[in-house]
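Nothing here was measured: the structure is a model prediction, and the numbers come from that model.
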Amino acid sequence: QVQLVESGGGLVQPGGSLRLSCTSSGSSFSIGVMGWYRQAPGNQRELVARISRDSTITYGDSVQGRFTISRDVATNTVYLQMNSLLPEDTAVYYCKIIQRWNSQEYWGQGTQVTVSS
């Protein structure tokens, strides 16, 4: 039932910016926490940022001060504004949502972000 569609990834030079978007299908009332995770080759998947329905936000240590997460509750959309990008930010970025009624997790297909000269 739940499908997540991500967009906004691509190739950017160090110091540049990108904005990722993720929209979930279904009722806006059914979606609780929304967030972004990333995974680089050989690394574990790590938290980038997450945001609750009341806008409580958590950032991963490596992106604090550079990335900003936001959401539109009505449209089931979560955004990740990525500034001052570094080569070590290169990874596949995955959107995740948590369904409110049973805390079921759903993952997007992933979008590639490459930071390189």
Side-chain angles (χ1 to χ4, degrees):
Q1 181 182 358
V2 175
Q3 295 184 345
L4 280 63
V5 179
E6 302 179 22
S7 63
L11 174 65
V12 65
Q13 295 185 4
S17 298
L18 287 173
R19 189 175 76 153
L20 307 183
S21 299
C22 174
T23 299
S24 176
S25 65
S27 171
S28 63
F29 190 76
S30 71
I31 307 303
V33 175
M34 306 183 80
W36 293 94
Y37 293 73
R38 68 186 183 186
Q39 188 166 20
N43 292 347
Q44 298 182 31
R45 187 170 298 186
E46 65 175 347
L47 172 70
V48 178
R50 60 174 178 253
I51 182 169
S52 69
R53 289 178 65 88
D54 68 355
S55 297
T56 300
I57 294 172
T58 301
Y59 290 106
D61 290 342
S62 63
V63 307
Q64 185 78 44
R66 298 187 296 119
F67 293 6
T68 302
I69 190 171
S70 61
R71 72 186 288 175
D72 186 331
V73 175
T75 62
N76 290 344
T77 301
V78 62
Y79 305 95
L80 185 69
Q81 179 66 47
M82 309 164 69
N83 298 326
S84 302
L85 283 161
L86 303 168
E88 47 262 50
D89 295 317
T90 296
V92 177
Y93 284 70
Y94 296 92
C95 176
K96 186 185 82 171
I97 67 100
I98 300 176
Q99 193 167 264
R100 294 175 71 190
W101 73 273
N102 66 350
S103 297
Q104 178 68 50
E105 297 181 355
Y106 295 92
W107 292 88
Q109 81 284 357
T111 184
Q112 177 70 47
V113 172
T114 302
V115 184
S116 176
S117 298

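Val92 and Trp36 fall into different hydrophobic clusters, where Ile, Leu, Val, Met, Phe, Trp and Tyr residues are linked whenever their side-chain heavy atoms come under 4.5 Å apart, directly or through other members. Linking ILVMFWY side-chain heavy atoms closer than 4.5 Å, directly or via other members, places Ile57 and Phe67 in a single hydrophobic cluster. No chain of hydrophobic side-chain contacts below 4.5 Å, direct or via other Ile, Leu, Val, Met, Phe, Trp or Tyr residues, connects Leu47 to Leu80. Hydrophobic clustering (side-chain heavy atoms under 4.5 Å, transitive across Ile, Leu, Val, Met, Phe, Trp, Tyr) groups Ile69 together with Val113.
Residues Gly9 and Leu20 approach most closely at N-CD2, 3.6 Å, considering heavy atoms. For the residue pair Leu4 and Gln109, the shortest heavy atom distance occurs at O-OE1, 3.5 Å. Arg71 approaches Ile51 most closely through the heavy-atom pair NH1-O, 3.1 Å. Listed here is the closest heavy atom pair of Val115 and Leu86: CB-O, 3.3 Å. Across all non-hydrogen atoms, the minimal contact from Ile31 to Ser24 is CD1-OG, 3.9 Å. Closest heavy-atom contact between Leu18 and Gly10: CD1-O, 4.0 Å.
Side-chain contact between Gln13 and Leu85 is absent, with no heavy-atom pair separated by less than 4.5 Å. Side chains of Val2 and Gln104 form no contact here, defined as non-hydrogen atoms less than 4.5 Å apart. The closest side-chain heavy-atom distance from Arg38 to Asp89 is below 4.5 Å. Residues Cys22 and Glu6 meet the side-chain proximity criterion, which asks for heavy atoms closer than 4.5 Å. Between Arg50 and Ile98 there is no side-chain heavy-atom pair separated by less than 4.5 Å. Looking only at side-chain heavy atoms (C-beta outward), Ser62 and Glu46 come within less than 4.5 Å of each other. Side-chain atoms of Ser17 and Val12, non-hydrogen and from C-beta on, never get closer than 4.5 Å to each other. Side-chain atoms of Tyr94 and Lys96, non-hydrogen and from C-beta on, never get closer than 4.5 Å to each other.
The backbone N or O of Tyr93 sits nowhere less than 3.5 Å from a side-chain atom of Thr111 that would complete a donor-acceptor pair. Here the side chain of Tyr79 pairs no donor or acceptor atom with the backbone of Thr68 at under 3.5 angstrom.
Within a 6.0 Å radius of CG in Asp61, other residues, nucleotides and ligands contribute 12 heavy atoms or fewer. Annotation: Glu88, atom CD; neighbour count of heavy atoms from other residues, nucleotides and ligands within 6.0 Å is above 12. Gln3 CD: 12 or fewer foreign heavy atoms inside a 6.0 Å radius.
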### Task
Decide side-chain contact (heavy atoms from CB on, under 4.5 Å) for Asn76 and Ile97; before the verdict, give the C-alpha distance in whole Å, the side-chain angles of both, and the deciding distance to 0.1 Å.
CA-CA 10 Å; Asn76 290 344; Ile97 67 100; over 6 Å; no

### Query
Given Val78 and Cys95, is the side-chain contact (heavy atoms from CB on, under 4.5 Å) satisfied, shown in steps?
CA-CA 8 Å; Val78 62; Cys95 176; 3.9 Å; yes

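With rounding to the nearest 0.5 Å, the separation of CZ in Arg45 from OH in Tyr37 is 10.0 Å. Residue Arg53 holds its CZ atom at 6.5 Å from CZ of Phe29, rounded to the nearest 0.5 Å. For the atom pair CD of Gln112 and CG of Leu11, the computed distance is 9.5 Å after rounding to the nearest 0.5 Å.
Inspection of the Thr23 and Thr77 side chains reveals an N or O donor paired with an N or O acceptor under 3.5 Å.
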